[in-house]
Amino acid sequence: MSPIRIIILLVLLAAIVGGTGIVYYDFFLLPKKQVQKEKAIAAKAVPTPTPDYSLAEFDKIQKTSSVDKPQEARDAYLAFIEKFPNSTK
């Protein structure tokens, strides 16, 4: 074999192996890295809880409710439940 043929074969072999490496990286390694990056970003993002605006009114009802008038306290709590059905209280 002449040296030119050997050089041409080596160039073709390098092109084939290099092309295969690029395709492997693009189709297999790069998507895995992107998924890991997205998971890391999602893990850092913590949603802030929505503020509960009913807490002030609940505290007010709790302060005004007395042992002397249990029916009025019960009515106040029932009105609170009707007004704020999704409250944490």
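Note that the numbering runs from 1 along the sequence shown for the chain. Basis for what follows: all heavy atoms, side chains included, without hydrogens, waters or symmetry-related copies.
Qualifying side-chain contact (heavy atoms from CB on, under 4.5 Å) partners for Leu9, counting only residues two or more places apart in sequence or in other chains: Met1. For Glu72, there are no salt bridge (Lys or Arg N to Asp or Glu O under 4.0 Å) partners two or more places apart in sequence or in a different chain. Applying the salt bridge (Lys or Arg N to Asp or Glu O under 4.0 Å) test to Lys83 and every residue at least two apart in sequence or in another chain returns Glu57. For Leu78, the side-chain contact (heavy atoms from CB on, under 4.5 Å) test picks out Arg74, with sequence neighbours left out.
No chain of hydrophobic side-chain contacts below 4.5 Å, direct or via other Ile, Leu, Val, Met, Phe, Trp or Tyr residues, connects Ile6 to Val11.
Note that CZ of Phe80 and CD of Gln62 are 10.0 Å apart. Values are rounded to the nearest 0.5 Å. Residue Ser2 holds its OG atom at 7.5 Å from CD1 of Ile8, rounded to the nearest 0.5 Å.
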Below 3.5 Å, can you tabulate the donor-acceptor pairs from side chains in residues 38-51 to any protein atom, sequence neighbours excluded?
none

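Nearest heavy atom pair, residue Ala76 against residue Ile61, reads O-CD1, 3.7 Å.
The ring pair (Phe, Tyr, Trp, His ring centres under 6.0 Å) contacts involving residues 10-49 comprise Tyr24-Phe28, where partners must be two or more places apart or lie in separate chains.
Put simply, the side chain of Phe84 does not reach to within 4.5 Å of the side chain of Phe58, judged on heavy atoms.
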